[in-house]
Amino acid sequence: MIYAKCIHSSQIAKTREEFARRQMEEYCVYCEGETTYSHNDTDTLDCVPLNYIYDCLKYGDHIAIVSVESEDENYPTKSSYLSVQLSMSKQHIIKIMKADSKDAIDYVFDNVNNRDIIHDGYLNFLSDELVDYFVKRKEGLLK
């Protein structure tokens, strides 16, 4: 199972050097291939199974794929991501992509492999064109 989180573009570092320089910022910074640590022992970094990521778009305009050790191959089917989100003190980021893109939508649908369990809670954060694309993928009209 793949886990992901939504982050703001302002939280993304493009290089390892920029990532290292920005560690003391108020909000955590993320960079592909790097590990982000919470700022203190009371903060936690959350992520959700990939099929819930569109329920989390209110938290950021980019999707970060998080490396999580999980033996469970089946995505959960509960009605809310709150009961299945993971909280941790560090997250290794595998990939970052703009949420409002066909590539991100395709990534979710291609990796979850069951369009019926992909949630669509905050599609209104996407452009009208991409909402239409998402709906067509969900209805099985596009592959």
Side-chain angles (χ1 to χ4, degrees), residues 1-20 22-23 25 27-143:
M1 180 178 352
I2 298 172
Y3 282 82
K5 71 182 299 145
C6 286
I7 58 176
H8 293 285
S9 56
S10 62
Q11 294 176 274
I12 300 171
K14 302 275 189 229
T15 65
R16 173 179 266 177
E17 293 77 20
E18 178 188 359
F19 178 74
R22 294 180 58 192
Q23 290 306 299
E25 290 184 10
Y27 297 103
C28 291
V29 176
Y30 299 87
C31 182
E32 284 186 7
E34 299 297 326
T35 301
T36 297
Y37 294 86
S38 64
H39 288 313
N40 60 49
D41 293 335
T42 60
D43 285 344
T44 59
L45 305 172
D46 298 323
C47 60
V48 296
L50 190 59
N51 61 313
Y52 291 94
I53 198 62
Y54 285 99
D55 284 355
C56 301
L57 289 179
K58 63 183 177 182
Y59 300 116
D61 57 353
H62 282 73
I63 296 171
I65 305 302
V66 180
S67 176
V68 173
E69 298 282 329
S70 174
E71 294 179 18
D72 193 355
E73 294 180 15
N74 297 317
Y75 284 92
T77 58
K78 299 185 188 277
S79 62
S80 171
Y81 69 88
L82 295 173
S83 62
V84 293
Q85 74 180 4
L86 296 179
S87 297
M88 54 200 69
S89 61
K90 65 180 181 176
Q91 292 177 330
H92 183 76
I93 304 302
I94 299 168
K95 180 179 182 76
I96 297 174
M97 60 194 116
K98 190 164 174 34
D100 193 13
S101 70
K102 284 184 179 180
D103 288 340
I105 292 169
D106 288 341
Y107 185 89
V108 171
F109 279 92
D110 293 346
N111 285 286
V112 172
N113 292 323
N114 180 351
R115 66 181 188 265
D116 296 331
I117 63 170
I118 297 174
H119 287 237
D120 56 5
Y122 282 94
L123 287 187
N124 60 313
F125 282 69
L126 303 178
S127 69
D128 291 342
E129 174 187 339
L130 288 174
V131 169
D132 185 52
Y133 185 77
F134 183 99
V135 170
K136 286 180 179 172
R137 283 290 318 249
K138 183 132 174 106
E139 292 173 351
L141 300 175
L142 300 172
K143 295 209 180 215

message = Give me the atom names and distance for the closest heavy-atom approach of Lys78 to Ser83.
response = CD-OG, 3.1 Å
query = Looking at CG of Asp61 and NE2 of His8, how far apart are the two atoms once the value is rounded to the nearest 0.5 Å?
reply = 7.0 Å
ask   = Run the side-chain contact (heavy atoms from CB on, under 4.5 Å) check on Tyr75 and Val84 step by step: do they pass?
value = CA-CA 10 Å; Tyr75 284 92; Val84 293; over 6 Å; no
inquiry  = Salt bridge check, Asp103 against Lys98: does any charged N sit closer than 4.0 Å to a carboxylate O?
reply    = no
ask   = Taking side chain as C-beta onward, heavy atoms only, is Tyr81 less than 4.5 Å from Ile53?
value = no
request  = Indicate the atoms forming the closest heavy-atom contact of Cys28 with Ser38, along with that distance.
outcome  = SG-CA, 4.4 Å
query = So do the side chains of Ile7 and Tyr27 get within less than 4.5 Å of each other, counting heavy atoms only?
reply = no
task = Considering non-hydrogen atoms only, spot the tightest contact between Asp100 and Ser127 and give its length.
result = OD1-N, 3.2 Å
query = With sequence neighbours excluded, what pairs up with Phe125 under the side chain to side chain contact (heavy atoms under 4.5 Å, CB included) test?
reply = Leu57, Lys58, Tyr122
inquiry  = Asn113: which residues meet the side chain to side chain contact (heavy atoms under 4.5 Å, CB included) condition with it, sequence neighbours left out?
reply    = none
query = What distance separates Asp132 CG from Leu123 CG, expressed to the nearest 0.5 Å?
reply = 11.0 Å
inquiry  = Using only atom types and a distance under 3.5 Å, with no angle test, would you say the side chain of Gln91 pairs donor to acceptor with the backbone of Thr36?
reply    = no
message = Rounded at 0.5 Å granularity, tell me how far NZ in Lys138 sits from CZ in Phe109.
response = 6.0 Å
ask   = Would you find more than 12 non-hydrogen atoms of other residues, nucleotides or ligands less than 6.0 Å from Asp128 atom CG?
value = no
key: Exam field: side chain Gln11 to backbone Tyr30, donor-acceptor pair closer than 3.5 Å   = no
ask   = Taking side chain as C-beta onward, heavy atoms only, is Asn51 less than 4.5 Å from Met1?
value = no
inquiry  = Suppose we screen for ring pair (Phe, Tyr, Trp, His ring centres under 6.0 Å). Which residues come up paired with Tyr52, at least two apart in sequence or across chains?
reply    = His119
request  = Apply the test side-chain contact (heavy atoms from CB on, under 4.5 Å) to residues Asp55 and Val48: give CA-CA distance (whole Å), side-chain angles for both, the deciding distance (0.1 Å), then the verdict.
outcome  = CA-CA 10 Å; Asp55 284 355; Val48 296; over 6 Å; no
Steps toward side-chain contact (heavy atoms from CB on, under 4.5 Å) verdict (Glu34, Ile93) = CA-CA 6 Å; Glu34 299 297 326; Ile93 304 302; over 6 Å; no
ask   = Do Arg115 and Asp120 meet the salt-bridge criterion of a basic N to acidic O distance under 4.0 Å?
value = no
ask   = Where do Glu18 and Ile12 come nearest, in terms of heavy atoms and distance?
value = OE2-O, 3.9 Å
ask   = For the atom pair CG (Leu86) and OH (Tyr3), what is the distance rounded to the nearest 0.5 Å?
value = 4.0 Å
query = How far does CG of Leu50 sit from OH of Tyr107, to the nearest 0.5 angstrom?
reply = 6.5 Å
request  = Output yes when a side-chain donor or acceptor of Lys5 lies under 3.5 Å from a complementary backbone atom of Asp46, and no otherwise.
outcome  = yes
request  = Could you tell me which non-hydrogen atom of Met97 sits nearest to which non-hydrogen atom of Ala104, and how far apart they are?
outcome  = SD-CA, 3.5 Å
key: Nearest-0.5 Å distance, OG1 of residue Thr77 to CG of residue Asn114   = 9.5 Å
Check: Ser67 and Ile94 side chains under 4.5 Å, non-hydrogen atoms = yes
request  = Determine the minimum heavy-atom distance between Met88 and Val68, stating which atoms define it.
outcome  = CE-CG2, 4.3 Å
ask   = Side chains of Ile63 and Ile96: does their closest heavy-atom pair fall under 4.5 Å?
value = no
